[in-house]
Amino acid sequence: MEIQSLADYRPPEDALQGRIILVTGAGAGIGRAVSSTCAVHGATVVLMGKTQSHLEAVYDEIVSAGAPQPGIFVIDFERAGPDQYTQVLEALESAYGRLDGIVHNAGILGDRSPVEHYDVKTWHRVLHVNLTAPFILTRTLMPLLRRSDDASIVFTSSGVGRAGKPFWGAYAVSKFATEGLMQVLASELEGTANIRSNALNPGATRTAMRRLAYPGEDPDTLPSPGQIAPAYLYLLGPDSKGVNGRTFDAQ
């Protein structure tokens, strides 16, 4: 069921019943809201992020709501090596045996400065966390996704990943590349697996990253992460089955 506007999507209570969904950057902001929303709609959520205390807070929130008990996996994408990714695969395989969805939400902003003056180390850091880490994680977990009857990979995009804007530097480039990775993956999977790959632009949302990018903006004028979370549920659930290689706006 393809819909015209994700902003109008209202997921049924059992939209993700029985599904195993991994969310990166799950400790705060959009990742936290998506994790909680997935859980209350029936998913067993694997909370992934770099700060254990933040993940534990989300875990407690989900359990208190009476939703399926989530899993926790602490990983720092900036520093993680092959062994850490292998541990993720082995832990998920042992605990669940398959994976029905990945939400690639973790990301960093980097500098807001002209390319001419952009710090090279920061450039590498942003491209690694925002682009290379999602590639490695997806590649590593592909065997578990292939075991699902209906798996969905959702990459988090951005408006500055579609039209280049000044001073967005590595962040914008990483989001352009994220859109490209999604399209390549979708084309490769089309007709060969029960896996779909799409991208979602959250739009201006009340998050810490948004405050960092726009310090003079009034955050109360923006929707909360919880208000845009249903858009992720659409792409993760059966209502979007068959939708592949598309990029959407949450607002």
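Heavy-atom basis, side chains included; hydrogens, waters and symmetry copies ignored. The structure displayed is predicted, hence computed values, not measured ones.
Here the side chains of Pro134 and Thr178 are not in contact, with every heavy-atom distance at 4.5 Å or above. Pro114 has its side chain within reach of Phe167: a pair of non-hydrogen atoms, C-beta onward, lies under 4.5 Å apart. Residues Arg146 and Leu189 form a side-chain contact, since some pair of their non-hydrogen atoms from C-beta on lies under 4.5 Å apart. Looking at heavy atoms from C-beta onward, Asp100 lies out of side-chain contact with Ser152 at the 4.5 angstrom threshold. No side-chain heavy atom of Val45 sits under 4.5 Å from any side-chain heavy atom of Pro68. Two residues are said to be in side-chain contact when any heavy atoms from C-beta on lie closer than 4.5 Å; Thr51 and Leu55 fail this criterion. Side-chain contact between Leu200 and Tyr234 is absent, with no heavy-atom pair separated by less than 4.5 Å.
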- [ ] Kindly determine whether Val154 and Thr156 satisfy side chain to side chain contact (heavy atoms under 4.5 Å, CB included), including the steps that lead there.
- [x] CA-CA 6 Å; Val154 182; Thr156 298; 5.5 Å; no
- [ ] Given side chain to side chain contact (heavy atoms under 4.5 Å, CB included), test Met48 with Val103 step by step and report yes or no.
- [x] CA-CA 10 Å; Met48 182 171 281; Val103 176; over 6 Å; no
TODO: Apply the test side chain to side chain contact (heavy atoms under 4.5 Å, CB included) to residues Ile136 and Phe77: give CA-CA distance (whole Å), side-chain angles for both, the deciding distance (0.1 Å), then the verdict.
DONE: CA-CA 10 Å; Ile136 298 172; Phe77 287 120; over 6 Å; no
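Both Leu47 and Val63 sit in one connected hydrophobic cluster of ILVMFWY residues. Membership requires side-chain heavy atoms under 4.5 Å apart, directly or through other members. Hydrophobic clustering of Ile, Leu, Val, Met, Phe, Trp and Tyr side chains at less than 4.5 Å, counting indirect connections, unites Val173 with Val126. In terms of hydrophobic clustering, with Ile, Leu, Val, Met, Phe, Trp and Tyr side chains grouped at heavy-atom distances under 4.5 Å, Leu92 and Ile195 are assigned to a common cluster. Under the 4.5 Å side-chain heavy-atom criterion for grouping Ile, Leu, Val, Met, Phe, Trp and Tyr, Met182 is not connected to Phe176 through any hydrophobic cluster. Criterion: ILVMFWY side-chain heavy atoms under 4.5 Å apart, direct or through other members. Under it, Phe135 and Tyr85 are part of a common hydrophobic cluster.
Here Ile102 contributes atom CD1 and Leu137 contributes atom CG; the two are 5.0 Å apart, rounded to the nearest 0.5 Å. Interatomic distance, OG of Ser240 versus OH of Tyr232, reported as 13.5 Å (0.5 Å rounding). Residue Gln251 holds its CD atom at 8.5 Å from CG of Asp249, rounded to the nearest 0.5 Å. Between the CD1 atom of Ile228 and the CD1 atom of Ile30 there is a distance of 4.0 Å, given to the nearest 0.5 Å. Atoms CD and OG1, from Glu90 and Thr140 in turn, are 11.0 Å apart once rounded to the nearest 0.5 Å. Atom OG of Ser94 is separated from atom CG of Leu89 by 11.0 Å, given to the nearest 0.5 angstrom.
The shortest heavy-atom contact between Ile21 and Ala43 is CG1-CB, 3.9 Å. Taking all atoms of both residues into account, the shortest heavy-atom contact from Ala170 to Tyr118 is CB-OH, 3.5 Å. Looking at every heavy atom in both residues, Ala33 comes nearest to Ala229 through O-CB, 4.1 Å. Across every non-hydrogen atom of Ser35 and Val58, the tightest pair is CB-CG1, 4.3 Å.
A donor-acceptor contact shorter than 3.5 Å links the side chain of Ser174 to the backbone of Tyr171. At distances below 3.5 Å, not a single donor-acceptor pair connects side-chain atoms of Asn244 with backbone N or O atoms of Arg196. Within the 3.5 Å criterion, the main-chain N or O of Ile20 finds no donor-acceptor partner in the side chain of Thr44. Between the Arg147 side chain and the Gly97 main chain, a donor and an acceptor come within less than 3.5 Å of each other. For the pair Asp119 (side chain) and Asp111 (backbone), a donor-acceptor distance under 3.5 Å is absent. In terms of modelled atom types and a separation under 3.5 Å, the side chain of Asn105 and the main chain of Thr24 share a donor-acceptor contact. Judged by distance alone, the side chain of His128 and the main-chain N or O of His124 form no donor-acceptor pair under 3.5 Å. Side-chain atoms of Gln183 never come within 3.5 Å of backbone atoms of Gly180 as a donor-acceptor pair (strictly under, hydrogens ignored). Side-chain N or O atoms of Ser148 include none that pairs as donor or acceptor with a backbone N or O of Leu145 at under 3.5 Å.
There is a side-chain donor-acceptor pair under 3.5 Å between Thr138 and His104. With no hydrogens or angles considered, a side-chain donor-acceptor pair links Asp239 and Tyr9 at under 3.5 Å.
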What donor-acceptor contacts under 3.5 angstrom involve side-chain atoms of residues 11-18, with partners at least two apart or in another chain?
none

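Under the ring-ring contact (aromatic ring centres under 6.0 Å, His included) criterion, Phe73 pairs with no residue, sequence neighbours left out. The side-chain hydrogen bond (donor to acceptor under 3.5 Å, both in side chains) search around Glu61 returns Arg32, Ser36, not counting sequence neighbours.
Remark: Arg162 CZ is packed, more than 12 non-hydrogen atoms of other residues, nucleotides or ligands lying under 6.0 Å away.
With respect to Asp150 and Arg19, a salt bridge is recorded, a charged nitrogen being found less than 4.0 Å from a carboxylate O.
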